[in-house]
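The structure appears right after this line, and notes come after that.
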Amino acid sequence: MAKKIIKKSWAEPFKIKVVEPIKLTTREHREKAAKEAGYNTFLLKSEDVYIDLLTDSGTNAMSDYQWAGMMLGDEAYAGSKNFYSLWNNVKKYYGMPYFVPTHQGRAAEHMISKILIKPGQYVAGNMYFTTTRLHQELAGATFVDVIIDEAHEATNEHPFKGNIDLKKLDKLVQEVGAKKIAYISMAGPVNMAGGQPFSMKNLQEVYDYCKTHKIKLWFDATRATENAYFIKEKEKGYKDKTIAEILKEMCSYFEGLWVSAKKDLMVNIGGFLTTRNKKVFEEARNMVVVYEGLHTYGGLAGRDMEAMARGIEEMVEYDNVRMRIKQVEYCGNELAKFGIPFVKPIGGHAIFLDAKRFLNHIPQNQFPAQTLATEIYVDSGVRGMERGVVSAGRDPKTGDHRYPKLELVRLTFPRRVYTQAHIDVAVESIASVYDERKKIKGLNMIYEPKYLRFFQGRFEKK
Ligand code: F0G
């Protein structure tokens, strides 16, 4: 009897209209390029990269609908039409009345940190993010990580590793008092944990706790649609809800949120903050003219705001989010066939290779993840980034390296850019580096900038 065909394949919900050539270089060329870049993938020239999995930030392919919107850019200094179309969509999909555009996410982080934090206060969050924590620290706060312990374990398969541990949060509140907590900074999915989501149940519990203790709750909604997708897939009661409905419900628990539009919104530049707190909005609207530009453009061209407005409509389409997450999942499943260690469960925007297990002969003070990112680049021109001790930086009080439990290389997927064939090439390269791993030696850091050292730090081979 003929076997019944099981239809389980998925495909991209688009076809390709414009292409950008990329070229494969020789190993010799890449060895030279890596050395010149101080063994830091952030310092490579992009033309020396074959498949660029450095980040999903601003590296997305816009749709024809977004490009068409670019032609409708109203480049007025004040009151551009595109500002209003963006504001309308922010209101419609995130559900908050007030809105300030910024040129990217960290500009919004900067303003929110300055507005909400009094020096000496604390910010509690579900794991740090590099720029987010730095702005909180620069505004005078101490960041306290209150994510569940499972998030720090690469092999733990907890379905919602982005959850906040309410006991940890309560311990902090008991120690310092609720008045000393500037706000809770909740991100979803959690980038540094491996793109891991929080559950709606956890968010509701955090919301109740914050309400009881009169603590503000703010949201880094940079990749919120991916969090919504995971809630739909994994959490009871959400299977039949749309991504837009889940997003709206998530946002309803927060006083305000900020977004790097370079991710979910599938544009190349942009960010914003939105809130239901009129006072915070008024301060931000005033501050934005100092740092970014008038409050109706916030450092963006009118056309950029139009592309963002249209990106919001596309980001909540189920097929778009699903395709994205399935692509990451495909990469993980292929890597698993070679026994390559990476963070489980597979997260939203990236695969995070576990450099501690991949290069278990290299101690953390010789930067195993930095080393691994370089080795993969030299092997095939595939560019990932370090997310370990270099990214964690130094403790501002002691000046020592912060040694995170997770020492990872992130392979991040720009939206709508690469095909399954690109992924196959990347996987084969990583597998061949894995085969030769015992020959790999660690790195020394020879230049270290004061802030966000992973961007510009330089290394040499041991
Ligand atoms: N929040 C999260 C969760 C982010 O991932 C980023 C940026 C930001 C805030 C800051 O936004 O770059 O627009 O200023 N993440 C990029 C990345 C850089 O590669 O993960 P930005």
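Predicted, not measured: the structure shown is a model, and the values here were computed from it.
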Rounded to the nearest 0.5 Å, what separates atom CG in Asn202 from atom OH in Tyr207? 15.0 Å
Less than 4.0 Å between a side-chain N and a carboxylate O, is that true for Glu175 and Lys171? yes
Pair Glu226 + Arg415, salt bridge at N-O below 4.0 Å: yes
Stepwise, does the ring pair (Phe, Tyr, Trp, His ring centres under 6.0 Å) test hold for Phe272 with Tyr94? CA-CA 12 Å; Phe272 61 88; Tyr94 295 87; 5.4 Å; yes
For Phe14, I'd like to know if atom CZ has over 12 heavy atoms of other residues, nucleotides or ligands within 6.0 Å. yes
Got a sec: does the OH of Tyr122 have more than 12 other heavy atoms crowding it under 6.0 Å? no
For the aromatic rings, using the six-membered ring if either is Trp, is the centroid distance between Phe358 and Tyr434 under 6.0 Å? yes
Is any side-chain N of the basic residue among Glu28 and Lys32 closer than 4.0 Å to the acidic one's carboxylate O? no
Test: Lys263 and Asp56 ion pair at under 4.0 Å: no
Over 60° means perpendicular and under 30° means parallel, so classify the ring planes of Phe367 and Phe459, tilted if in between. perpendicular
Separation between OH (Tyr209) and CG (Asp170), nearest 0.5 Å, reads 3.5 Å
Mutual orientation of the aromatic rings belonging to Tyr229 and Tyr318 [parallel < 30°, tilted 30-60°, perpendicular > 60°]: parallel
